Amino acid sequence: MPDLGLDVLFKGSNFLRLLEGLSEAAKISLIAIAISIPVGLLVGVLMTSKNIILKVLFRVYLETIRIMPQLVLLFIVFFGTTKTLGWKLDGETASIIVFSLWGVAEMGDLVRGSLVSIPKHQYESSKALGLSKNQTFLYVIIPQTVRRMIPLSINLITRMIKTTSLVLMIGVVEVLKVAQQIIEANRMSSPNAAFGVFLMVFLLYFVLCFVISSIAGMLEKRWS
Amino acid sequence: MSDVVLSIKDLHKSFDGNLILDGINLDVKQGEVIVIVGPSGCGKSTLLRTIKGLETYEIGSISTTDPKAQVGMVFQNYELFPHLKVIDNIILAPMKVNGTPKSEAKEKALEFLDRVGLKDKANSYPRQLSGGQKQRVAIVRALIMNPEIMLFDEVTAALDPEMVREVLDVMLGLAKQGKTMLIVTHEMQFAKAIADRVLFLDGGKIVEENTPDEFFTKPKTKRAKKFLNVFEFDAIR
């Protein structure tokens with residue numbers, strides 16, 4: 001059996017360091033998600049408004065964020081704005097800003113899509129029963145919107161978690177960066193460490209995303 | 001007349017420059033069942049929707065004798081709330097609009113469901129029901145608000161033929177109880193059985209107003225005759 005370089009994981013505190021790296025990645029994505037959900041909800045509702053200026057504004061925002069590779073966004077915020085605007089930004093904060101901008105845009109579009117997919121007759125039959133506009137939103141439209149959004153937003157959340165692997169490019173020490181450090185440090189003693197360490201990184205990402213997907217799957221099943 | 005519950009005067013409505021309702025005059029008496037028939041696009045659905053307040057109008061007036069009178073409406077596509085169980089579909093409006101306590105609303109809902117033979121479906125979701133069952137729930141959901149007048153807009157048009165009967169039977173039961181109803185339908189046999197009065201609409205106008213017996217056997221107007229012929233077929237052998 002070839003040497004898979006798994007032994008490195010058990011040397012010193014290597015495994016613990018990987019977990020710390022993972023928690024850094026999780027921290028960035030979870031803070032960004034915590035910002036994206038409420039703000040995205042608001043943006044989504046505003047995107048369905050009849051105001052042309054608001055509509056165009058949000059459309060441009062959404063498309064810009066979508067077209068731009070996340071790495072370019074990270075570079076713009078971390079290297080670009082810090083120099084131009086002269087403010088200080090550490091890699092972690094820059095990452096949270098970029099991931100929030102992305103999350104708000106995508107979440108907003110998900111909310112918008114779910115809202116417009118509610119058939120018009122749901123509003124009409126609510127009105128016919130005498131429900132007010134607010135009651136219609138609260139008891140009829142929002143519960144249905146949330147149910148439609150859950151699978152899509154879980155997809156977004158797992159995408160955000162996976163994309164945190166890019167933040168090492170602006171100097172944030174997350175799981176992939178830690179992995180590289182471990183491999184570098186053990187280059188002589190375990191030349192095959194890359195396989196074992198990256199395999200563990202894969203497993204860690206898998207566990208994190210799998211847990212989230214499973215919760216979503218359970219909710220979906222209960223509500224379908 | 002004192003027993004008029006709904007009065008429509010000179011009602012005009014246009015949409016995109018087309019006149020949909022062109023001067024409708026109608027008095028509906030307490031307990032009366034009026035069936036409205038006519039070719040598609042004649043304005044019959046719009047008339048019901050305008051009475052319910054789902055559409056605006058430009059000229060004329062719609063008034064109920066009792067200003068607090070409720071108007072209930074059931075639509076063609078069984079428009080239940082898909083995320084709520086049957087029972088919760090029914091009690092939502094009594095609880096939120098009238099402030100009825102949940103237990104009281106539930107008790108009443110179960111009683112109504114029992115009457116349409118769906119008590120055992122109280123805890124089902126709409127997706128678990130057949131079209132006919134959904135439509136009966138929709139009728140109960142409207143009835144529980146205790147409406148003075150019920151409007152039915154082609155409620156069997158989207159149903160499979162074998163499910164039409166169970167819905168029409170519920171409506172016949174309501175007619176027997178003396179509910180005031182305005183019904184838009186293409187079920188001519190049913191119209192004949194349930195109607196006190198038949199209105200034939202064409203081009204946004206009431207072209208003919210007649211008793212069901214007269215209307216379906218010898219209509220007064222040429223246009224009604226032509227419309228009714230659509231439902232007749234000559235044997236080909």
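Note on naming: letters A, B, ... go to the chains in the order of the sequence lines (proteins, then strands), and numbering restarts at 1 for each one. Model, not experiment: these values are computed from the prediction.
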Would you say B:T156 and B:Q135 are linked by a side-chain donor-acceptor pair, where the criterion is simply a distance under 3.5 Å?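 Per modelled atom types, B:Q135 and B:T156 side chains form no pair under 3.5 Å.
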
For salt bridge (Lys or Arg N to Asp or Glu O under 4.0 Å), just list the numbers for B:K205 and B:D22, CA-CA rounded to whole Å, side-chain angles, deciding distance to a tenth of an Å, and then say yes or no. CA-CA 5 Å; B:K205 283 189 167 83; B:D22 185 8; 2.6 Å; yes

Side-chain ion pair, A:R66 and A:E106, N-O less than 4.0 Å: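 Between A:E106 and A:R66 there is a salt bridge, with a charged N closer than 4.0 Å to a carboxylate O.
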
Is it the backbone or the side chain of [X] that comes under 4.5 Å from a heavy atom of chain A, or both, or neither?
X: B:K52; answer: side chain
X: B:R141; answer: both
X: B:F75; answer: side chain
X: B:V71; answer: backbone
X: B:L80; answer: backbone

In terms of heavy-atom proximity below 4.5 Å to chain B, should A:Q122 be classed as side chain, backbone, both, or neither?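 Backbone plus side chain of A:Q122, per the 4.5 Å heavy-atom cut-off to chain B.
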
Which bit of A:S132 comes within less than 4.5 Å of chain B, counting heavy atoms only: side chain, backbone, both or neither?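 It is neither, since no heavy atom gets under 4.5 Å.
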
Looking at B:I139, B:L182, B:V184, which hits side-chain contact (heavy atoms from CB on, under 4.5 Å) with B:F152?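 Answer to the side-chain contact (heavy atoms from CB on, under 4.5 Å) test with B:F152 among B:I139, B:L182, B:V184: B:I139.
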
If I compare all heavy atoms of B:K134 with all of B:P126, which pair ends up nearest, and what's the gap?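 Looking at all heavy atoms of both residues, the closest pair is CE-O, 3.1 Å.
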
With a 4.5 Å cut-off on heavy-atom pairs, point out which of A:K127, A:R147, A:E124 contacts chain B the most.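 The residue among A:K127, A:R147, A:E124 with the greatest pair count is A:E124.
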
Among A:L129, A:L131, A:L138, which residue forms the greatest number of heavy-atom pairs with chain B at distances under 4.5 Å?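 Most heavy-atom pairs within the cutoff with chain B belong to A:L129.
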
With respect to B:S7, which candidate in B:N25, B:D27, B:T64 satisfies the side chain to side chain donor-acceptor pair (under 3.5 Å) definition?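 The option that passes is B:D27.
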
So which residue, B:L151, B:L92, B:L84, ends up with the most heavy-atom pairs under 4.5 Å with chain A?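 Heavy-atom pairs under 4.5 Å are most numerous for B:L92.
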
Please identify, among B:V74, B:V97, B:N77, the residue contributing the most non-hydrogen atom pairs under 4.5 Å to chain A.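 The answer is B:V97.
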
What do the steps show when you test A:R159 against A:L156 for side-chain contact (heavy atoms from CB on, under 4.5 Å), and what is the final call? CA-CA 5 Å; A:R159 256 161 60 218; A:L156 174 64; 4.1 Å; yes

Salt bridge (Lys or Arg N to Asp or Glu O under 4.0 Å) assessment of B:E111 paired with B:R115: CA-CA 7 Å; B:E111 189 191 311; B:R115 263 189 252 164; 3.2 Å; yes

